[in-house]
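These notes concern the structure reproduced below.
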Amino acid sequence: MANPYPTGWRSKSTPFLAKSLQVTPADSHHGSWQLWGSLGTVRIFYHLAMIVSKYLLKTLRESPSGAELPSHIFLLRGGYVKQLASGLYSILPLGKRVLNKIERIIREEMDAVEGQEVDLPLVQPSELWMESGRYGAIGAELLRFKDRSEHHMVLAMTHEEAITDLARYVLSSYKQLPFMIWQFKLKFRDEPRSRGGLVRVREFVMKDAYSFHRNDQDLDAYYQRMYKAYENIFQRVGIKPIVVKSDTGIMGGKIAHEFMLESGYGEDYLIISEDGSYSANQEIAEFQRVHAKAVPLALEKVATPGKQTIEEVSTLLGIKPEQTMKAVMFEAEQDKRRCLVLALIRGDLEVSDVKLRNYLKVPWLLPAADDFIRSFGAVPGYAGPVGLKERPDLLVLADLSVSEAGNLVGGANEEGFHYRHVNFLRDFQTPHCGDFAKAQAGYLAPDGKSVLRAVRGIEIGNIFKLGTKFTQSMNCAYLDEDGKHQTPTMGCYGIGLGRLMAAAIETSHDEFGPIWPKEIAPFHVHLLNIGREPEVMETCAKLMSEWEAAGFEVLFDDRDERPGVKFKDADLWGIPLRLAVGKKGLAEGMVEWKPRREKEFTKVPIGELTSRLREFYPDH
RNA sequence: CGGGGCGUAGCUCAGUCUGGCUAGAGCAUCAGCUUUGGGAGCUGAGGGUCGUAGGUUCGAAUCCUGUCGCCCCGACCA
């Protein structure tokens, strides 16, 4: 370059600035910038180093209205993301760097379990989803539309169908099994309500992995390896998840685990035993019922005029709610027939509709309409199982709290009357007895050895033994040693990247901003100058180029801002190490060394910085 | 989908109840000067069809109706 000071002469009164720091585009073909100093030219490559004055980000002094979670506030204030619409976020360069780091970690862990990375379409033909049966089973969350040639299409909310389609194309022999295919891929879910910044969004990138196996034993073994891989991933991003058993829902699988971050903002309720031996999502959590065995007394009708709720009835009769029986009624469709579901449960417990749905194998349950209830001879408010005529479309389900207890007060199916001393088998029967109750804090753990407590959690990943749900419905098969067609069994494993980034902040922040774990911080080093003296700027330029050459990622805050502004932004950017170069320190040959996690800085001789850096990042 | 709240400058908000001059402040941005260790000071500048459509009125950010958007609680969530 002929002219070392081509543009941007800042100030007539401080011409030395132009010599100390002048940033211009380098040879435009190299996508880099050059810093001029008396040392000569320093070329800066974007992927390794960045100078703040050229970086596309914007920090906010105040948090935008509506942001409540620390992760939401800091991601917006720090310039990591920007909201475009409800549940839709633009990722800015700084946020993208964090996501890239997360991707790198996940890719390494997927490699370690022999995953093969692919990329499948977001837009998919509806036929594919009809084939698996999910087109009808999923509601408005699945976005459906027509393309210009009137083909029915969907935006994929997950990729089981597409992956099974790929698997049935490539898979022919047992010799190919097992294998695992995975991708980082956009998902779209038309959520009824997005919330909490990146915690629940409508469009997001997910790492989704799918494994194919000859049998359940092989799937079980691989599932365990994936479980371990997930533990590695979360540990590396600085998160300590609670792992819970979870609902397998209409996916039809067998076993699933969710990796949850405990958080008061979480959408899921987790049930955990005090001794730590049991944990499950509340949807499916089990517990041990406590009930007194009693000698059945004679059935007795009592007048309870106007008393419909458990509370009213038990108060009137002077008994405890646990001596009553509640009948909760739903409508469901089973075998294409509209059915009345009469769920019986002890008065003090609550019905879990997830458990009901899973037992009945139906996708939905609706509260039953009054006239529908009456058509079965039951009376809303006074409904009970006693005296109801058996019908094929009447499904009576008895929770263990009812079938194993006795002498309960239940509805008489007559306006204003209940029965005392209702007993299972003697007064009513049903083959459908089981666990249909929602577990609550304070109940006994399934093993009876400790008490359950409830915490809220954010789901940050799941692993799922799918079984043959997709391979069967979509006709994915292979030939075994005997030349016979066999259906492979599947597992699927997901992690939402944006949510993971938010979860990392939820786990690690202070009042000023995030404290990024070393492995996912957007940069390794945050370098900043205090004062604009030539020697300060030159030292910064020299250090930057030295570290860049050593492979460290450096963010240099070269702005002509007051130290306070730079420190505040440094906190907001949360880079693990902040190094400040100022005239005073420089006079002693020192630079200020401040890990983000610590309150105070220490002074380090300039000559030792690079070796200290290597100690700070031993894995680098 | 039910309940609640909010839409005024890039961001945070005042003004709306009780209609009335050219629609305001702080922060941010641009220019200049000063300043330089935890979000500086002064001077000046740019930036808003007050979400949108209609209505009432001599006159609407303000009152009425519709509509769109955003947030929170609940329902929902492979």
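Here is the naming used below: chain letters follow the sequence lines, and residue numbers restart at 1 for every chain.
Put simply, the side chain of A:Arg532 and the base of B:G37 share no donor and acceptor less than 3.5 Å apart. Counting atom types as modelled, A:Arg193 pairs no side-chain N or O with a base atom of B:C76 as donor and acceptor under 3.5 Å. Applying the 3.5 Å distance criterion, the base of B:G39 shares a donor-acceptor pair with the side chain of A:Arg77. With hydrogens and angles left out, the side chain of A:Arg189 and the base of B:A78 share a donor-acceptor pair within 3.5 Å.
Comparing B:G39 with B:A28, their C1' atoms sit 12 Å apart, to the nearest whole Å. A distance of about 14 Å separates the P atoms of B:U18 and B:U62, rounded to the whole Å. Between B:G26 and B:G37, the distance separating the two C1' atoms is 25 Å to the nearest Å. Nucleotides B:C30 and B:C21 place their C1' atoms 30 Å apart, quoted to the nearest Å. Across B:U52 and B:C6, the matching C1' atoms stand 16 Å from one another, rounded to whole Å. Using atom C1' as the reference point in both B:G54 and B:A60, the two lie 13 Å apart (nearest Å). Comparing the C1' positions of B:A31 and B:G48 gives a spacing of 22 Å, expressed to the nearest Å. Comparing the same atom, P, in B:C76 and in B:C1 gives a spacing of 16 Å after rounding to whole Å.
Nucleic acid contact class of A:Gly585 (heavy atoms, under 4.0 Å, all strands): none. Here A:Asp569 lies in heavy-atom contact (under 4.0 Å) with a base. Counting non-hydrogen atoms under 4.0 angstrom, A:Ser132 reaches nothing in the nucleic acid. In this structure, A:Leu572 reaches the bases: a heavy-atom distance under 4.0 Å links it to at least one base atom across the strands shown. Using a 4.0 Å heavy-atom criterion, one finds that A:Ala580 contacts no nucleic acid atom at all. Looking at heavy-atom distances under 4.0 Å, A:Phe601 makes contact with a base.
Across every strand in view, B:C11 sits in a pair with B:G26 that passes the Watson-Crick or G-U test at under 3.5 angstrom. Pairing for B:G69 is with B:C6, a Watson-Crick or G-U wobble pair whose two hydrogen-bonding atom distances lie under 3.5 Å. For B:C33, the paired base is B:G41 (Watson-Crick or G-U wobble, both distances below 3.5 Å). B:G20 and B:C58 make up a base pair, with Watson-Crick or G-U wobble contacts both under 3.5 Å. Base pairing annotation: B:G47 forms no Watson-Crick or G-U wobble pair, as no partner gives both donor-acceptor distances under 3.5 Å.
In this structure the side chain of A:Thr489 never reaches within 4.5 angstrom of the side chain of A:Lys465, judged on heavy atoms.
In this structure, A:Ser63 does not reach the B:U12 phosphate: none of its side-chain N or O atoms is under 4.0 Å from OP1 or OP2. The side chain of A:Arg61 contributes an N or O atom lying less than 4.0 Å from OP1 or OP2 of B:A28. A sub-4.0 Å separation between OP1 or OP2 of B:C71 and a side-chain N or O of A:Ser86 is present. Between A:Ser65 and B:C71, a side-chain N or O to OP1/OP2 separation shorter than 4.0 Å is absent.
A cation-pi contact, defined as under 6.0 Å to the ring centre and within 45° of the axis, is absent between A:Arg499 and A:Phe204.
In this structure, CZ of A:Arg562 is placed 6 Å from P of B:A40, rounded to the nearest angstrom. When the P atom of B:A78 is taken as reference, atom CD of A:Glu283 falls 8 Å away, rounded to whole Å. Computed from coordinates, the A:Glu459 CD to B:A78 P distance equals 9 Å when rounded to whole Å. If you take CD of A:Glu600 and C1' of B:G38, they are 12 Å apart, rounded to a whole angstrom. To the nearest angstrom, P of B:A78 lies 10 Å from CG of A:Asp268. Here the C1' atom of nucleotide B:G74 and the CZ atom of A:Arg456 are 12 Å apart, to the nearest Å. Between the CG atom of A:Leu57 and the C1' atom of B:U29 there is a distance of 15 Å, rounded to whole Å. Distance CZ (A:Arg578) to P (B:G37): 14 Å, rounded to an integer number of Å.
Out of B:C76, B:A40, B:C71, the shortest distance to the side chain of A:Arg195 is found at B:C76. Checked against B:G37, B:C72, B:C77, the side chain of A:Glu191 finds its nearest nucleotide in B:C77. Taking every side-chain heavy atom of A:Glu62 into account, B:C11 is the closest of B:G10, B:C11, B:G74. Closest approach to the A:Gln83 side chain among B:A78, B:G38, B:C70 is made by B:C70 (side chain taken as heavy atoms from C-beta onward). Of the candidates B:U36, B:G39, B:G38, B:G39 carries the atom nearest the A:Thr59 side chain, counting heavy atoms from C-beta on. Comparing atom distances between the A:Arg357 side chain and each of B:G10, B:C70, B:C77 picks out B:C77 as nearest.
Residue-to-nucleotide proximity on RNA chain B shows that, of A:Asp353 and A:Pro64, the 5′-proximal contact is made by A:Pro64. Both A:Arg202 and A:Ile530 lie near RNA chain B, and the one whose nearest nucleotide falls closer to the 5' end is A:Ile530.
No donor-acceptor pair under 3.5 Å is formed between the side chain of A:Tyr135 and the backbone N or O of A:Leu128. Side-chain N or O atoms of A:Lys326 include none that pairs as donor or acceptor with a backbone N or O of A:Glu350 at under 3.5 Å.
Judged purely by distance below 3.5 Å, without hydrogens or angles, the side chains of A:Asp208 and A:Gln183 pair a donor atom with an acceptor atom.
Comment: A:Glu160 does not engage A:Lys469 in a salt bridge, judged by the lack of any side-chain N to carboxylate O separation of less than 4.0 angstrom. Checked for salt-bridge contact, A:Lys583 and A:Glu535 miss the test: no charged N lies under 4.0 Å from a carboxylate O.
A centroid separation of less than 6.0 Å is found between the aromatic rings of A:Tyr359 and A:Phe436. Taking the six-membered ring wherever Trp is involved, the centroid distance between the rings of A:His159 and A:Tyr210 does not fall below 6.0 Å.
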